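Here's the structure, in structure tokens; my notes come after.
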Amino acid sequence: MSIVAFFRPKNLAQQMILVMTISLSLLLLVFFIVDILQQKNLPETAISNTKLTELNSLLPIINILTDAQQQQFQDKYSSCHEGYVITNKPFQSTQSYSDAKKIEKYISQYLVITTNSVKISLATFQQKDFSYDKCGTTIKFPLNGMVISLLLENGKWLNAEVHEHEWHLREIHNWLFWTLLAFVFISAVSIKLISHLTKPLTQLNNAAQQFAKGLEFSKVEESGSPDLRQSIKSFNEMQQAVLTALKNRTTTLAAISHDIRTPLTALRLKAELLDDEKTRLSFVDSINKIEKITASGLNFLKSDSKTEPKKKINLSALMESECFDFSELKHQVAYIGSYNINVECRPIALSRAIRNLIENAIKYGENCQVDLVKIPQGIMIKIIDSGPGIPDNELSKVLEPFFRLSKARESEQGGFGLGLAIVKNIIEGHGGEFWLENIKPNGLMAIIKLPY
Amino acid sequence: MTTLKYHILIVDDERDITDPLATYLNKHGYEISIAHNGEGMDKILLRVNVDLIVLDVMMPGEDGLSICRRLQEKNKIPVILLTALTDETDRIVGLEVGADDYLGKPFNPRELVARIKSVIRRSEMVPHHKKLSTGMVKFDRWRINLSFKEIIDEDDVVTLLSSGEHRLLISLIEYAGIILSRDQLLDMTKGEESKMFDRSIDNHISRLRQKIEIDPKRPKIITTHRGGGYSFVGQLEYLT
């Protein structure tokens, strides 16, 4: 199963390579089958054009040779696959062959000689026969075959052996070697070409992933085939459109949050002029709530921004200082982390995130411990309270913007459902991770991991 | 004793703000003039001797920052900037154009009054002190850009200061060598957070020492004086 998964193509380039490999293999298979089908049986080999053409050209030459030269011909010309022996009598066989006459007639007609000058007989060859000793060990004996005997002008007979052309081991080796070589060469060239062709697709994919992660515009170069070009163009346009929409939304929210502040200031001033102290306080209270909402909205919008420059800061000092601010306001907040840990970050955003988490811890858990340690890949911050925690199935939901736990839990604390979303945005903007865990028997732990 | 009433000029395009603010400040014993833009402000400045200007940043026409810059060049009237943007960068820009203080909308009117008092007292206390709301200063192993709430050590590692610590350090540097009483320091460091109001200066000094002194038990930069007072004795170097 895992092997199948391993070979399953993971991208278009691999798919194309797989298709190409399959096509090539099929092609080779077809060649192989055709080759096997073309194998001739014994009589067909005997009367094949190749054989007869050769005999036709040999016969007149051998006829004009002297006896001694004929002997030389027999020794020199014969090879493993073409054995010739010149004898006084035609080759004699013990096996009877019913089709002999038919073949003899065909050959005599082809060579334009009398039927009597041709003798066909079946034979079982041993290695010592003909010139099979030249074959070495590649052919297995005894070997079934046929002998064509032709009468020469000097009364002697020229005996030519015919055997079934078997698939020799060595030939298969050869064949395999060359096909594999061709295969590797074609594959190498194709893979190079295919990866070149699919490169724009890879770039497109990377850009899409990047975009999903950071929502930042990165233009993909338009290259490749026309349809691919069109896709890339559309993708670039889509990026722009999404960002414009996002920007419009952000601008609108910012404008609302921002513009509300002037009338809110006016209201605050007018409330201050009220004579009735009770009414004044209730006014101020309401105004403060509205202000908090606009502020958290603005903070949420800001938490996304990466405009604040990164700096290497003493994070221990920053976190201890935050804890101190809270403990001065009579909250039980203790810093229990290491000292002098320096981290590259956006300090204002990061302190906002830590402040939000401490505020939450105090709000729901009354006391709070803040821990900071080095870990192999960076640093880890833990903010731990001893409150009631959060139901396990809502641990990740509370990180979504505007998510509110049940009214009872929220009570009069006046959250706006953005605090944790702000933290999440800030931490993810730093390339870090943020999540919540319940601790037994009671309490909640907020964990932040930041890379160095 | 008849107290001389301080004259405050409010510059904001929103009548909705200027009018109740004028009434409110008037109730707190200030003489008030109102202008709705830079031109109006200039006209008033010609005939009235103004002690402090409360200036809105976002105004149609000439904006608050440019007005503030212009004021610093001509007459050194103290300025408190008001803005709807409470971003750190706005604060820095505000201080760089020479504002004496900065308040984000919507502000607590009581805090504005506290700031007005603080700024006026500061401008009267040592009229010729070196005003240091911007610029780079070096002392001990630290560098500080005065408009940023952070100090940087020799390895370029940044340590962040809280608003209170920052104000305290700046005040001490501004009056380097001079002994400042707790009351004076409290006046100068009244920060934007209301929690600063009743917080003891000693606490802040000890936190600041934790951050800047090598041995906070034996301070070499900020020293304590008998009878209650602190002074900045570190070796100061002004960088351009």
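All values reported here derive from a predicted model rather than from experimental measurement. In what follows, chains are A, B, ... by sequence order, proteins preceding strands, each numbered from 1.
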Begin from the C-alpha positions of Asp155(B) and Lys312(A) and carry the test salt bridge (charged side-chain N to carboxylate O under 4.0 Å, His left out) through to its verdict.
CA-CA 9 Å; Asp155(B) 298 325; Lys312(A) 195 175 181 190; over 6 Å; no
Under 4.5 Å heavy-atom distance to chain B, tell me which part of Leu264(A) shows up: side chain, backbone, both or neither.
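Both backbone and side chain.
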Under 4.5 Å from any heavy atom of chain B - which part of Lys311(A):
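For Lys311(A), the contact with chain B is made by the side chain alone.
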Could you tell me which portion of [X] (side chain, backbone, both or neither) has an atom closer than 4.5 angstrom to a non-hydrogen atom of chain A?
{"X": "Gln210(B)", "value": "neither"}
{"X": "Asp16(B)", "value": "both"}
{"X": "Leu160(B)", "value": "side chain"}

Could you check whether Arg209(B) and Thr224(B), counting side-chain N and O atoms only, form a donor-acceptor pair closer than 3.5 Å?
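There is such a pair (donor and acceptor under 3.5 Å, judged by atom type) between the side chains of Thr224(B) and Arg209(B).
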Close side-chain approach of Tyr230(B) to Arg182(B), heavy-atom, < 4.5 Å:
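They are in contact (side-chain heavy atoms under 4.5 Å apart), so the answer is yes.
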Judged by atom type as modelled, is there a donor-acceptor pair below 3.5 Å linking the side chain of Ser286(A) to the main-chain atoms of Ser282(A)?
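Side chain of Ser286(A) to backbone of Ser282(A): a pair is present.
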So, taking the atom named OH in Tyr335(A) and the one named OG in Ser316(A), what distance separates them when rounded to the nearest 0.5 Å?
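Tyr335(A) atom OH to Ser316(A) atom OG measures 4.0 Å (nearest 0.5 Å).
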